[in-house]
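Each chain gets a letter, A, B and so on, in the order the sequences are listed, and its residues count up from 1.
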Protein chains: 2
Amino acid sequence: MPPTIKDVAKKAGVSTATVSLVIHDEKRISPLTKRRVRKAIQELNYRPSRAARGLVTRRTQNIGYVLTEDHFRRTEPFYTNIFLGTEFEAREHDFYILVNTIPTEFSGQDCLPRFVKENNVDGIIIAGKVPLKLLECLEPYHLPIVFVDYYPPFGEHSAVLIDNLAGGRLATEELIRNGHKKIGFIAADMEHPSIFDRSQGYRMALEKNGIAYSTDQIITCKGIPDRESGYKCAQALHEKAPQISALFACNDAMAIGALKFFREAGVNVPDDISIIGFDDVTADLYSRPPLSSIRVQKEEMGVEAVRTITELINSKDQRPKKIVVPVELVLRESIKKIN
Amino acid sequence: MPPTIKDVAKKAGVSTATVSLVIHDEKRISPLTKRRVRKAIQELNYRPSRAARGLVTRRTQNIGYVLTEDHFRRTEPFYTNIFLGTEFEAREHDFYILVNTIPTEFSGQDCLPRFVKENNVDGIIIAGKVPLKLLECLEPYHLPIVFVDYYPPFGEHSAVLIDNLAGGRLATEELIRNGHKKIGFIAADMEHPSIFDRSQGYRMALEKNGIAYSTDQIITCKGIPDRESGYKCAQALHEKAPQISALFACNDAMAIGALKFFREAGVNVPDDISIIGFDDVTADLYSRPPLSSIRVQKEEMGVEAVRTITELINSKDQRPKKIVVPVELVLRESIKKIN
DNA sequence: TCCACTTAGTTAAACGATTAACTAAACAGT
DNA sequence: ACTGTTTAGTTAATCGTTTAACTAAGTGGA
């Protein structure tokens, strides 16, 4: 059996209360006593029991990480990397992360994450777009919530977001700098704020450079922005606007799908068409040709999410806070200069 | 505040002990009382506090999931899918999964998973190959352990393993069935039992079909079996044994790397060389050409791991138990029949 | 000397479950 | 009628912390 606070108290010759006060570094304990107690803790390799502590403080020291099942299963390890970041940062704050996927078609109470129903978390991180119904069902629990890479259309919330607008501009401007004027755009799920902002960055970049923005060079579709939809959108765009010399895909998954389409259609990348994606998932490196993209610091987003949620948990100040993480251009071989 | 057992007791007009006994479905409570208590539980939406329960039962109802950092970061979501399986099954057994990555170069005590040091798990699942030093450091904690897709060279342990031998045979026999006789093999980290078994399956298939097994057609390297090592091994094999008409790669990551090499070397797959991998990660679908592989039920492995560890946790019978999950051939376009 | 304050602790109740030990009532057998 | 057993609960201790309230000793000022 692991040692308890009593063992420490006995060894140090003080009461258990004193040990507890030392652990919390209260000033009313003399430095000398503190040293004695700390030594005893060391020697016994004592760690306070989370259960006992949780019972009296009414805190679980757990954070929930919620995402839809298909986000988790997706080939590109985007949300998985964010998760890894949360796990690292959680250690610093003495929290554990509990993961729970929810079905993509969320249907009320039953689908609520287990740790919510069981009151087993002090706050939750919601990664990626989730059904609004989930947020409704979450309401009555009054848990602090931080969104990551998504922001619901109603209400005021804390969130860690990508600078999608800047990223969209950066990507488009890079194509323009390489001489491209006929630049297509493909996307899925334009209701997703992140995707929408990327399209706005695309638009701003065009207009700022005196290039007309036109829906003739855009193909969007419903559903999730994965490789398959990238393939289909590229195909549709190729028929609709064969004249384009460059393409901005709303994310790498779609860009990789587009790459596949062009390869099959005998359109050479980058000789015939330049392509840039968004997210910089590692799969880019092994696509043919390696894909230029907009890098997002995924682990860093996880870190910020944990910082934000712990602040929310630890203070009574519940004002929502938004953090926008910067993006960065990553050039590989999928873009070619034209005159 | 969530309702406590006292609230339920009061509402149902019984003692808290009775409520507890009802929750555990003890036979000494009459059906009538049980119904009354259950109704109260329902109406109050009561859930026992894990902290309080854990304090008296000395159980955390948590399971640790340990893997090295690079396994987690790897592009192929192999261990991530296993994790998803554990999460699903954990719900059935009322456990939570706590994830902890360990550094790939493990250096003793400090690197031990946090939940181990803090006694915050009842057992752990170790996924993939881990440093032996970790196992040493884990020893004194006497935690039930289940290995997944790895088996340490010393001692007797419980494990959930892939049928690598059968898979290696299946892959090689498929190449043979397509008329291939000069079949190469590439692998990294042959000390890994899974990789070694795959090579043995390859050997068995050859010998069973009267084809000489020869190291002339094999290239192995140190390090992890990733795309990069696949590229290099394919390159080395191409120089050493240009005559081969087919290649079995020890996993898909290496197969994809090999694909890249052959593409660059102007060797057409499958016209000039047929390739088969192992694991069936989703990236296969988007490789060019789509890769034939040996499918492994990853989520199922996670499920079995949780079943095994909970059995270990709940019973005094600590006899190690091994589960071998079957594999299955998946044919895509990377194999061509020759005469 | 007396009182008020500060310092450095201690005492004991509480958190919310579980469970061993107990009890009261009903029943059975002789 | 008495004893023993079964049934259906209850009582109370316990798990390992935290923390409000208390205390005893020392300090300082008038």
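The cationic atom of B/R50 (NZ for Lys, CZ for Arg) does not lie both less than 6.0 Å from the six-membered ring centre of A/F115 and within 45° of the ring axis. Judged by a 6.0 Å distance limit and a 45° cone about the ring axis, A/K11 is not positioned over the six-membered ring of A/Y46.
Comparing B/A51 and B/A17, the nucleotide of DNA chain C nearest to each residue sits closer to the 5' end for B/A51.
The side chain of A/S49 lies closest to D/dT17, out of D/dA8, D/dT19, D/dT17.
Rounded to an integer number of Å, the gap from B/Q61 CD to C/dG16 P is 20 Å. A straight line from NZ of B/K6 to P of D/dT10 spans 15 Å, rounded to a whole angstrom. Counting to the nearest Å, the P atom of D/dT10 and the CD1 atom of B/I5 are 12 Å from each other. Computed from coordinates, the B/E26 CD to D/dG9 P distance equals 13 Å when rounded to whole Å. Regarding B/L55, its CG atom lies at a distance of 12 Å from the P atom of C/dG16, rounded to whole Å. Note: CZ (B/R28) to C1' (C/dT23) measures 12 Å, nearest angstrom. Straight-line distance from the CG atom of A/N119 to the C1' atom of C/dC15: 15 Å, rounded to whole Å. Between the P atom of D/dT14 and the CE atom of A/M1 lies a distance of 18 Å, rounded to the nearest Å.
When heavy atoms are screened at a 4.0 angstrom cut-off, A/R53 is found touching the sugar-phosphate backbone but no base atom. No engagement by A/V19 is indicated, since no non-hydrogen atom pair under 4.0 Å with the nucleic acid exists. In this structure, B/T18 reaches the bases: a heavy-atom distance under 4.0 Å links it to at least one base atom across the strands shown. Residue-level contact check: B/R50 touches neither bases nor backbone, having no heavy atom under 4.0 Å from any strand. Using a 4.0 Å heavy-atom distance criterion, A/R47 is classed as a sugar-phosphate-only contact. Among the protein residues, A/S15 comes within range of the nucleic acid bases, having at least one heavy atom under 4.0 Å from a base atom. Counting any heavy atom pair closer than 4.0 Å across all strands shown, A/S20 reaches a base atom.
For D/dT18, neither phosphate oxygen OP1 nor OP2 lies less than 4.0 angstrom from any side-chain nitrogen or oxygen of A/T16. Contact annotation: B/R58 does not reach the phosphate of C/dT18 (side-chain N/O to OP1 or OP2, under 4.0 Å). For C/dA17, the OP1/OP2 oxygens have no side-chain nitrogen or oxygen of B/T57 closer than 4.0 Å.
At least one side-chain heavy atom of B/T18 sits under 4.5 Å from a side-chain heavy atom of B/I29. Counting heavy atoms from C-beta outward, B/E136 and B/E139 have side chains that stay 4.5 Å or more apart.
Of all heavy-atom pairs spanning B/R53 and B/P48, the tightest one is NH2-CG, 3.4 Å.
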